[in-house]
There are 2 protein chains.
Amino acid sequence: MLSYTEENYLKTIYHLSEGGHKSVLTNEIAASLLTKAATVTDMIKKLSLKEFITYEKYYGVNVTKKGKAHALTIVRKHRLWETFLVEKLGFAWDEVHDVAEQLEHINSSLLIEKLDAFLDYPTADPHGHPIPDKHGKIKQEKQIVLKEALVNKPLVVCAVRNGSSPFLQYLSKIGVSIGVSITVRERIEFDGSLEVSIQNKKPQLISREAAENILVKE
Amino acid sequence: MLSYTEENYLKTIYHLSEGGHKSVLTNEIAASLLTKAATVTDMIKKLSLKEFITYEKYYGVNVTKKGKAHALTIVRKHRLWETFLVEKLGFAWDEVHDVAEQLEHINSSLLIEKLDAFLDYPTADPHGHPIPDKHGKIKQEKQIVLKEALVNKPLVVCAVRNGSSPFLQYLSKIGVSIGVSITVRERIEFDGSLEVSIQNKKPQLISREAAENILVKE
DNA sequence: ATAAAAGTTTAGACTAATCTAAAAAAAATT
DNA sequence: AATTTTTTTTAGATTAGTCTAAACTTTTAT
């Protein structure tokens, strides 16, 4: 059994490791959690003693199989709750994160299975991120970053990389949300910005930063 | 801002004080929370410093106006979540308590107002306990203990005093739930048991203990 | 290749929540 | 009314999570 705090560290490490694919440095964790490196070192020792991660001094942390499995249950809970907040309670998609950060630590497998059923077994949350099933399986669609998309190929927005309120509010303003169609009309070499047509409306410019944080599929 | 633990103490003290109407002793709190008296004394000092309770050494604790207001928000959250679990997720009424104990500490007034609306502003939870509104107002119906009810007067079950699983399962077995009609046919002086007719079905005997834990109204 | 800079760990300290054991106060009993 | 019992508080210790400052590694830059 992990404490609330331990779960937060594990989840953060899992995300920083991009799903367990690379090792993570102490300072990255500290920056992500707004704590100090010394605190992170202590917590790393605890989590590695419990075998959720492995750790080699000065070289960083890797998530174990056991750690990944647990991290996926937290991710699952977070994304199911976000879905609930948006679909059932009518939250805006930029309002859900902080509440879901709390709800993801509620401990009841009965609850989470019933919530999953109530939402009709969603496979993606309101930001388009995949929801692991109860066995931790993720249904991954191949998605690409809008910045890399071919010109004049019609695509569909399927996720955002960045869940911050300012970004999501900007997206709402320009008419982008999950499921909306989008076509790159022109790529501006100078600054990396793109001219895009959203839902076949008249083309508008979006910045390179925005284009790097929107994910699309065919 | 109160910690998770402080909220649990405050809620327990509030309940033991019967809504702020009587003072509460250290040992009662310790028994209720399964902690030691020494621990309770420490927490009492903290809560009284923060002015949620008043405290006179060796004489017990009283809830302040501020403490009552905060306790009511916790009660409100607990009961709204219980209602959600039963009505929307299909929990049985004896399965909800532990989960609601966790959910009641989630901190988001937006969440709780939206949940309230989603449930269509319920005034009582699945055990028949009243749900305070957002201002802390409780809609109290006059209810009596079944044990004291008049013979042959048709009544409606409106709440249970005891939310334990064994008791709730026993009630389910004999066909009692909130809203069911019940009429006392005979009071057995010997042991305080009652012969009752539930939903006008053939009378059956229930024990004094049961009759003391079922609340009814006209 | 060595010195400086950056990153990480260790050491020692603090707060919150808990405990046991001892001391103190209140209540009950003879 | 004095003594015993019960209840409550105080004192001192422990664990989880955090911090700062100092020490130690690794990396980077001369």
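Note on naming: letters A, B, ... go to the chains in the order of the sequence lines (proteins, then strands), and numbering restarts at 1 for each one.
Atom pair A:Tyr59:OH and C:dT8:P shows a separation of 11 Å (rounding to whole Å applied). Rounded to a whole Å, the CE atom of B:Met43 is 11 Å from the P atom of C:dC19. In this structure, CG of A:Asp42 is placed 13 Å from C1' of D:dT20, rounded to the nearest angstrom. Remark: C1' of D:dA16 and CG of A:Leu47 are 13 Å apart, rounded to the nearest angstrom. A:Leu25 places its CG atom 14 Å from the C1' atom of C:dT9, with the value rounded to the nearest Å.
A:Ser172 meets the side chain to side chain contact (heavy atoms under 4.5 Å, CB included) test with A:Trp93; sequence neighbours excluded. Under the rule for a side chain to side chain contact (heavy atoms under 4.5 Å, CB included), the partners of B:Leu119 that lie at least two apart in sequence or sit in another chain are B:Leu80, B:Thr83, B:Phe84, B:Lys88, B:Leu115, B:Pro122. Every residue meeting the side-chain hydrogen bond (donor to acceptor under 3.5 Å, both in side chains) condition with A:Glu212, not counting sequence neighbours, appears here in chain and number order: A:Lys147, A:Arg208. Take A:Tyr121 and apply the side chain to side chain contact (heavy atoms under 4.5 Å, CB included) test, not counting sequence neighbours, and it matches A:Asp116, A:Ala117. Not a single ring-ring contact (aromatic ring centres under 6.0 Å, His included) links A:His129 to another residue, sequence neighbours left out. Looking at residues two or more places apart in sequence or on another chain, you find a ring-ring contact (aromatic ring centres under 6.0 Å, His included) between A:Tyr4 and A:His105. Listed by chain and number, the residues in a side chain to side chain contact (heavy atoms under 4.5 Å, CB included) with B:Glu186 are B:Ile188, B:Glu195 (sequence neighbours excluded).
Residue pairs meeting the ring-ring contact (aromatic ring centres under 6.0 Å, His included) criterion with at least one partner in residues 45-65 of chain B, sequence neighbours excluded, are B:Phe52-B:His70. Within the structure, side chain to side chain donor-acceptor pair (under 3.5 Å) pairs that include any residue of residues 20-39 of chain A do not occur (at least two apart or interchain).
A:Thr39 comes within 4.0 angstrom of a base, heavy atoms only. Counting non-hydrogen atoms under 4.0 angstrom, A:Thr41 reaches a base of the nucleic acid.
For the segment residues 4-16 of chain A, the set of residues with a heavy atom within less than 4.0 Å of an atom of DNA chain C is empty. Listed in residue order, the members of residues 51-58 of chain B having a heavy atom less than 4.0 Å from DNA chain C are B:Tyr58. Looking at residues 27-35 of chain B, you'll see B:Asn27 sit with a heavy atom under 4.0 Å from some atom of DNA chain D.
Here CD of B:Glu101 is found 13.0 Å from OG of A:Ser108. Values are rounded to the nearest 0.5 Å.
Residue B:Lys45 places no side-chain N or O under 4.0 Å from the OP1 or OP2 atom of D:dT9. Residue A:Lys36 places at least one side-chain N or O closer than 4.0 Å to OP1 or OP2 of D:dT20.
Remark: B:Glu56 CD is loosely packed, at most 12 non-hydrogen atoms of other residues, nucleotides or ligands lying under 6.0 Å away.
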